[in-house]
Engineer: 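Take this structure first; my questions come after.
Naming: A, B, ... by sequence-line order, numbering from 1 per chain.
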Amino acid sequence: MADVRVRFAPSPTGDLHVGGARTALFNWLFAKNRKGKFILRIEDTDEVRSTEASVKVILDAMKWLQLDWDEGQPDNENLKYSPYYQMERKEKGIYQKYADELVTRKLAYYCYCDPEEVDDIRKKSQINKLPPKYDGRCRYSTLEQREQQKKRGKVPVVRFRMPDTGIVVLNDIIRGKIKFDNFLLDDFVIIKANGTPTYNFACVVDDYLMKITHVLRGDDHISNTPKQMHIYNALNWEMPEFAHLAMILGSDGSRLSKRHGHISVLEYRKEGYLQEALINYLVLLGWSTEDSQQIFTMEDMKQKFSIERCGASPSVFDSAKLLWLNGEKIRSKSSDQIYELFIDWINYTGNDKLIKNWDTELLKKAIFLERDKIKLLKNIPSLVDFFFTKDIDYEEDAIRTVLLSEKSKNVAELVLTKSLIGLSNHQDFSAVSLEKYARHFAMDKNIKTSQVFHPIRVAISGRKQGPSLFHMMEIMGREEVVRRINVTINKFFT
RNA sequence: GCUGCCAUCGUCUAGCGGUUUAGGACAUCGCCCUCUCAAGGCGGAGGUCACGGGUUCAAAUCCCGUUGGCAGCGCCA
């Protein structure tokens, strides 16, 4: 069997959002699984809304997600079917050529109707409870009539001549056979008045020319498919296989959009999600293995992915599960790896003042201690910043309940003053040794271990919560621990 | 309005006619571990498989209908 060739064909009219990313991912996975090619094509035929900036943002998002493409500009040298920007292809006359062929063969025709006129026709049709379609009144216009329109300065569009009867059957890989009544389809525009092809035409021409074997896209395209199939047929072109992926919905059950919060891929990056977490989450929406495996490596996905196991029903985007997966991925990494990821995030977001003058080695150690708590890369600073700030930032609540409450303040003072001396002279500043020391201390004074541990924690970090106390002390070092305890005593107990 | 798609715990899903008292994951609740917070371990609750008809000895699984949700209906893609 010939190698599979799939494509992701975004229109650069905005950010790459999670729905588009999922489509790109599934195409990419399918290509990888079948050792085929993944092509990136930019569908920029909407001259009003397409922007360079969008192209860049989409490309950046694809790169971050590590969905590399085998063909397509601008970062790939393999340009066998170039160009991969539709407006550049239009300039080369690629689409016009086939539109002309269809016109010559009377399978398409020039239409001089004004948009307003077409609108009227549709509305009237709808009022009569009929499908809103253009009535094809220009189908039989004579050469003379057309010349007349031209003289009046009118520029025509090219419409495809849809069969009035019969049906077309789409055999979708995911949904099986779907039938469409040709009568319900209208003579859609294939070339706009400005000479640009419309989506349904450019898409078919390019998919054919680029030898695309499988079209994997969102199911909002199902109703476009019969139109496209008619183009293939009219041009006597072999059709690719089609697979329509179920939509990703917001928590209210409607199509994911801005009002459901951030949906742009790059916003997830800014929030501190890992590429692999987003990918892993996305692969779970609409695809599953027989054992309902949840956590995948990229390699794992590539190996197991298949279109046949894609579901037909839409899924709701659940950010809680994404967050869990992100924590899961972070926990599976070494502190060095998390550190690298964190630095990438810092550089990407330009948050470098957040970690100004932080010692790298200390940061790595701190990350190791707090690893299990990191859900997002952006949580790291607030989790470990107390290691780096010279002035202890005491939490109100910690002062009130641990250091100065009626019940605890005497014990706290005793613990701190005694441990100040004890720790100053403590030779082995390892966590194990420190814990031994603290437990003996508690036993000696006949107080609970927690009455020893908690005041020290607050004294050196200013917080009630934090990493394992003795590991924290170990990496802080004796000098700093003693200094902080001393500062705390002076501040609250003199 | 027309057309199409979809329908299993709150959410993502397994399930392709009998092995199912419907399995897993997230979220939620409880217990354990424990110097706090997490993480981890164990356990609980949560589904009349949208509803109604068939087909069959047997249906979440096949067929039809109903309802509901969503999508498309542009010289947007």
Engineer: Among A:D15, A:L278, A:I58, which one satisfies side chain to side chain contact (heavy atoms under 4.5 Å, CB included) with A:V265?
Structural biologist: A:L278
Engineer: Base, sugar-phosphate or nothing for A:G286? Non-hydrogen atoms, less than 4.0 Å.
Structural biologist: sugar-phosphate
Engineer: Which nucleotide wins on minimum distance to the side chain of A:A312, given the candidates B:rA14, B:rC6, B:rC35?
Structural biologist: B:rC6
Engineer: Assign A:A193 to base, sugar-phosphate, or nothing according to its heavy-atom contacts below 4.0 angstrom with the strands shown.
Structural biologist: base
Engineer: Measure from NZ or CZ of A:K154 to the centre of the six-membered ring of A:Y112, then state whether that distance is under 6.0 Å and the direction lies within 45° of the axis.
Structural biologist: no
Engineer: State whether A:S315 places a side-chain N or O below 4.0 Å from either non-bridging phosphate oxygen (OP1 or OP2) of B:rU11.
Structural biologist: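 No, A:S315 has no side-chain N/O under 4.0 Å of OP1/OP2 on B:rU11.
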Engineer: Just checking A:V316: base, sugar-phosphate only, or nothing, at a heavy-atom cut-off of under 4.0 Å?
Structural biologist: sugar-phosphate
Engineer: With rounding to the nearest 0.5 angstrom, report the CZ to CE distance, A:F470 to A:M476.
Structural biologist: 13.5 Å
Engineer: Measuring from A:L285:CG to A:L245:CG, what's the distance to the nearest 0.5 Å?
Structural biologist: 10.5 Å
Engineer: Is the centre of the A:H214 ring less than 6.0 Å from the centre of the A:F26 ring?
Structural biologist: no
Engineer: Taking B:rA77 as the reference, what is the distance to B:rA60 when you measure between their P atoms (whole Å, please)?
Structural biologist: 47 Å
Engineer: Between A:L249 and A:H471, which has a closest nucleotide on RNA chain B that is more 5'?
Structural biologist: A:H471
Engineer: For A:G466, report the nucleic acid contact type (base, sugar-phosphate, nothing); a contact means any heavy atom under 4.0 Å.
Structural biologist: base
Engineer: Tell which nucleotide pairs with B:rC42, taking only Watson-Crick or G-U wobble pairs whose two distances are both under 3.5 angstrom.
Structural biologist: B:rG30
Engineer: If you check the A:F470 side chain, which of B:rC5, B:rC35, B:rA71 turns out closest?
Structural biologist: B:rC35
Engineer: Do any side-chain nitrogens or oxygens of A:R463 fall under 4.0 Å of OP1 or OP2 in B:rC37?
Structural biologist: no
Engineer: At under 4.0 Å between heavy atoms, what does A:P467 touch on the DNA or RNA strands: base, sugar-phosphate, or nothing?
Structural biologist: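 Counting heavy atoms under 4.0 Å across all strands, the contact made by A:P467 includes a base.
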Engineer: Among the nucleotides B:rA77, B:rU36, B:rC75, which one has an atom lying closest to any side-chain atom of A:Q465?
Structural biologist: B:rU36
Engineer: Base, sugar-phosphate alone, or nothing: which one does A:Q126 contact when heavy atoms must sit under 4.0 Å apart?
Structural biologist: base
Engineer: If we ignore angles and hydrogens, is there a donor and acceptor under 3.5 Å between the side chains of A:K445 and A:Q451?
Structural biologist: no
Engineer: Any base atoms under 4.0 Å from A:K464, or only sugar-phosphate, or nothing? Heavy atoms, all strands.
Structural biologist: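 Base, at least one base heavy atom under 4.0 Å.
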Engineer: How would you label the contact of A:I178 with the nucleic acid (heavy atoms, under 4.0 Å): base, sugar-phosphate, or nothing?
Structural biologist: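 If one applies the 4.0 Å heavy-atom cut-off, A:I178 turns out to touch the sugar-phosphate alone, with no base involved.
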Engineer: Which part of the nucleic acid does A:N194 contact within heavy-atom distance under 4.0 Å: base, sugar-phosphate only, or nothing?
Structural biologist: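 Nothing, no nucleic acid heavy atom in range.
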Engineer: At 4.0 Å (heavy atoms only), tell me whether A:S292 reaches a base, stays on the sugar-phosphate, or touches nothing.
Structural biologist: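 Answer is base: heavy atoms of A:S292 come under 4.0 Å of a base.
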Engineer: More than 12 heavy atoms of other residues, nucleotides or ligands under 6.0 Å from CZ of A:F441: yes or no?
Structural biologist: yes
Engineer: Think A:R122 has a side-chain N or O under 4.0 angstrom from the OP1 or OP2 of B:rC75?
Structural biologist: yes
Engineer: Side chain of A:R175, base of B:rC5: donor and acceptor closer than 3.5 Å?
Structural biologist: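 For A:R175, whose side chain was compared with the base of B:rC5, there is no donor-acceptor pair (under 3.5 Å).
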Engineer: Using a 4.0 Å heavy-atom cut-off across all strands, classify A:S468 as base, sugar-phosphate, or nothing.
Structural biologist: base
Engineer: Of all the nucleotides listed (B:rC16, B:rU36, B:rA27), which has the minimum atom distance to the side chain of A:R309?
Structural biologist: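 The answer is B:rC16.
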Engineer: Counting the atoms with a prime plus P, OP1 and OP2 as sugar-phosphate, which does A:Q294 contact under 4.0 Å by heavy atoms, base, sugar-phosphate, or nothing?
Structural biologist: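 Contact class for A:Q294: base.
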Engineer: If you check every side-chain atom of A:H454, which of B:rC35, B:rG4, B:rC2 has the closest atom?
Structural biologist: B:rC35
Engineer: Return the pairing partner of B:rA71 with a 3.5 Å limit on both distances, Watson-Crick or G-U wobble; otherwise return none.
Structural biologist: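 Base-paired to B:rU3.
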Engineer: Taking only the side-chain nitrogens and oxygens of A:K375, find out if one of them lies under 4.0 Å from OP1 or OP2 of B:rA39.
Structural biologist: yes
Engineer: If you pin A:K321 and A:E43 to their nearest nucleotides in RNA chain B, which one's is more 5'?
Structural biologist: A:K321
Engineer: Which is true for A:R331 with a 4.0 Å heavy-atom rule: it touches a base, it touches only sugar-phosphate, or it touches nothing?
Structural biologist: sugar-phosphate
Engineer: Counting only side-chain N and O atoms of A:T198, is one of them less than 4.0 Å from OP1 or OP2 of B:rC75?
Structural biologist: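 Negative; the distance criterion is not met.
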Engineer: Please determine whether a side-chain nitrogen or oxygen atom of A:T13 lies at a distance below 4.0 Å from atom OP1 or OP2 of B:rC76.
Structural biologist: no
Engineer: Any chance the side chains of A:D206 and A:Y95 put a donor and an acceptor closer than 3.5 Å?
Structural biologist: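 Side-chain D/A pair, A:D206 to A:Y95: present.
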Engineer: Any donor-acceptor pair under 3.5 Å joining the side chain of A:R255 to the base of B:rC70?
Structural biologist: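 Such a pair does not exist between side chain and base.
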Engineer: Identify whether any heavy atom of A:P314 sits under 4.0 Å from a base atom; if not, whether one sits that close to sugar-phosphate; answer base, sugar-phosphate or nothing.
Structural biologist: sugar-phosphate
Engineer: Taking atom types as they are modelled, is there a donor-acceptor pair under 3.5 Å from the base of B:rA77 to the side chain of A:N224?
Structural biologist: yes
Engineer: Indicate whether OP1 or OP2 belonging to B:rA77 is found under 4.0 Å from a side-chain N or O atom of A:K192.
Structural biologist: yes
Engineer: Taking the side chain of A:K129 as heavy atoms from C-beta outward, which of B:rU11, B:rG40, B:rG1 is closest to it?
Structural biologist: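 Shortest atom-to-atom distance from the side chain points to B:rG1.
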Engineer: If B:rC62 has a Watson-Crick or G-U wobble mate with both distances under 3.5 Å, name it; if not, just say none.
Structural biologist: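 Partner of B:rC62: B:rG54.
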